[in-house]
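Report on the structure given below.
We count ligands from 1, going down the list as the structure has it; atoms in each ligand are counted the same way. Everything numeric in this text was worked out from a predicted model, so none of it was measured.
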Amino acid sequence: MELQVRHLSKTFGSGQHSKEVLRNISFALRSGEFLSLVGSSGSGKSTILRLIAGLEQPSSGQVLVDGEVVQGPGPDRGMVFQKYSLYPWLSAAENVAFGMRLQGLPQRDINERTAYFLEVVGLQDAARKLPRELSGGMQQRVAIARTLATNPKVLLLDEPFGALDLQIREAMQDFLLQLWQRTGLTVLLITHDVEEALVLAQRVHVLAPHPGRIVSTVEVDLDKSDLNQLRLSSAFLEKRRTLAGVLRQLEPALV
Ligand SMILES: Nc1ncnc2c1ncn2[C@@H]1O[C@H](COP(=O)(O)OP(=O)(O)OP(=O)(O)O)[C@@H](O)[C@H]1O
Ligand SMILES: [Mg+2]
């Protein structure tokens with residue numbers, strides 16, 4: 001699998017009221033890679049994901065999956081949103097089954113895969129619980145399981161842990177990293193959190209705002225066998241400081 005984003009630009013509206021949101025965004029993501037885009041609020045992060053997901057059409061440029069131009073939404077790209085997007089009246093298991101049901105999978109496969117993916121995210125004991133009976137972190141794990149169960153080639157994550165408090169967010173980062181290491185998923189993670197990007201991704205692209213464009217790329221070659229140690233290591237703190245500095249320079253108006 002290869003995802004290619006080529007010279008992608010997006011302007012909303014036209015004439016006097018038009019707004020250039022993205023300018024000439026290019027990057028590639030190969031099978032098994034974990035890539036992150038970081039940028040401040042309004043830098044166009046969600047717009048990039050929506051273009052990749054096919055929920056929005058580019059003004060110019062293209063998104064290609066395995067060489068095929070993306071024309072609209074498809075099961076090869078699985079999205080997880082920032083806000084919990086579970087159906088409140090369905091149990092965890094029924095939520096996981098939902099995407100597969102839309103795909104028309106046979107009931108027996110749905111049951112098998114639901115059990116399997118609930119186990120993958122560590123929620124086999126919560127199968128019958130309703131979303132409101134689950135913590136925020138557990139709800140996001142159900143959302144991730146629901147997306148994984150539809151067998152996407154690439155997982156698109158739009159600030160999936162943004163609504164969680166710090167401790168749970170760090171636990172979810174550990175969970176996602178382990179999941180990636182275990183399963184060889186291909187992941188594109190959007191975040192405004194420099195630390196989150198560095199903890200998780202192999203490569204980080206930095207987005208400048210107004211209009212959104214990639215201004216810097218950091219390769220993250222750090223030892224990720226122990227995340228608690230990583231977060232305190234001098235190599236990590238140094239990278240975090242550098243990256244935070246780059247982002248700060250892009251937002252002089254906020255200081
Ligand atoms: N459908 C739309 N019509 C007009 N403007 C839009 C539309 N969607 C997004 N925008 C504008 O594009 C800009 C980027 O929005 P986007 O949601 O992609 O940013 P973001 O980086 O995801 O921000 P956040 O971190 O707050 O989620 C914003 O100024 C937003 O108002
Ligand atoms: Mg957003």
Side-chain angles (χ1 to χ4, degrees), residues 3 5-27 29 34-63 70-73 77-86 136-137 139-140 143-144 147 152 154-166 168-169 172-173 176 187-201 203-218 240 243-255:
L3 173 74
V5 172
R6 278 201 201 146
H7 306 297
L8 204 61
S9 295
K10 180 69 180 175
T11 297
F12 286 108
S14 59
Q16 223 183 341
H17 300 290
S18 72
K19 179 165 186 177
E20 185 187 17
V21 172
L22 294 175
R23 182 185 292 175
N24 198 21
I25 305 278
S26 294
F27 61 87
L29 178 62
F34 198 135
L35 175 69
S36 183
L37 301 178
V38 278
S40 56
S41 184
S43 56
K45 302 184 297 297
S46 294
T47 305
I48 293 178
L49 269 204
R50 292 174 58 77
L51 286 162
I52 294 172
L55 299 169
E56 206 82 71
Q57 291 303 309
S59 304
S60 62
Q62 293 170 321
V63 176
V70 162
Q71 311 277 9
R77 290 146 290 142
M79 186 105 147
V80 176
F81 298 92
Q82 171 169 1
K83 298 271 163 51
Y84 313 137
S85 52
L86 300 180
Q139 289 185 45
Q140 268 319 52
I144 290 170
T147 302
V154 54
L155 191 59
L156 306 173
L157 304 173
D158 191 356
E159 306 212 37
F161 312 140
L164 305 173
D165 53 30
L166 182 65
I168 298 177
R169 196 156 74 222
M172 289 298 286
Q173 290 165 0
L176 181 59
V187 187
L188 175 57
L189 170 79
I190 301 284
T191 180
H192 64 265
D193 183 341
V194 165
E195 172 156 338
E196 181 163 283
L198 287 175
V199 163
L200 291 171
R203 192 162 63 250
V204 180
H205 293 306
V206 180
L207 278 181
H210 315 302
R213 61 217 187 275
I214 294 174
V215 290
S216 176
T217 298
V218 179
R240 195 181 73 174
L243 201 50
V246 172
L247 274 180
R248 209 171 310 115
Q249 275 194 338
L250 298 171
E251 295 285 345
L254 293 181
V255 194

Q.
Ignoring waters, how many N, O or S atoms from the protein are under 2.8 Å from the Mg ion (ligand 2)?
A. 1
Q) When rounded to the nearest 0.5 angstrom, what distance separates CD in Glu196 from CE in Met172? A) 10.0 Å
**Q.** Residues which pass side-chain hydrogen bond (donor to acceptor under 3.5 Å, both in side chains) with Arg23, listed by chain and number, not counting sequence neighbours
**A.** Glu20
Q | Any donor-acceptor pair under 3.5 Å from Arg77 side chain to Leu156 backbone | A | no
Q. So, does Ser59 use its side chain to make a donor-acceptor pair with the main chain of Thr11 at under 3.5 Å?
A. yes
Q | Atom of Ala197, atom of Ser36 and distance for their closest heavy-atom approach | A | CB-OG, 3.4 Å
For a distance cut-off of 3.5 Å, show me each N or O of ligand 1 paired with any protein N or O, plus the separation.
residue	atom	partner	partner atom	Å
ligand 1	18 (O)	Ser46	N	3.4
ligand 1	18 (O)	Thr47	N	2.9
ligand 1	18 (O)	Thr47	OG1	2.5
ligand 1	19 (O)	Gly44	N	3.3
ligand 1	21 (O)	Gly42	N	3.4
ligand 1	21 (O)	Ser43	N	3.2
ligand 1	21 (O)	Gly44	N	3.0
ligand 1	21 (O)	Lys45	N	2.9
ligand 1	21 (O)	Lys45	NZ	3.0
ligand 1	22 (O)	Ser46	N	2.9
ligand 1	22 (O)	Ser46	OG	2.9
ligand 1	23 (O)	Gly42	N	2.9
ligand 1	25 (O)	Lys45	NZ	2.7
ligand 1	25 (O)	Glu159	OE2	3.4
ligand 1	26 (O)	Ser41	OG	2.6
ligand 1	29 (O)	Lys19	NZ	2.7

**Q.** For the student: nearest non-hydrogen atoms of Ala201 and Leu35, plus distance
**A.** CB-C, 4.0 Å
Q) Counting N and O atoms only, with roles assigned by atom type, does the side chain of Gln140 sit under 3.5 Å from a partner on the main chain of Phe161, one being a donor and the other an acceptor? A) no
Q) Where is the tightest heavy-atom contact between Met79 and Ala53, given as atom of each residue plus distance? A) SD-CB, 4.1 Å
Q | Residue pairs fulfilling side chain to side chain donor-acceptor pair (under 3.5 Å) with at least one residue in residues 44-55, sequence neighbours excluded | A | Ser46-Asp158, Arg50-Glu56
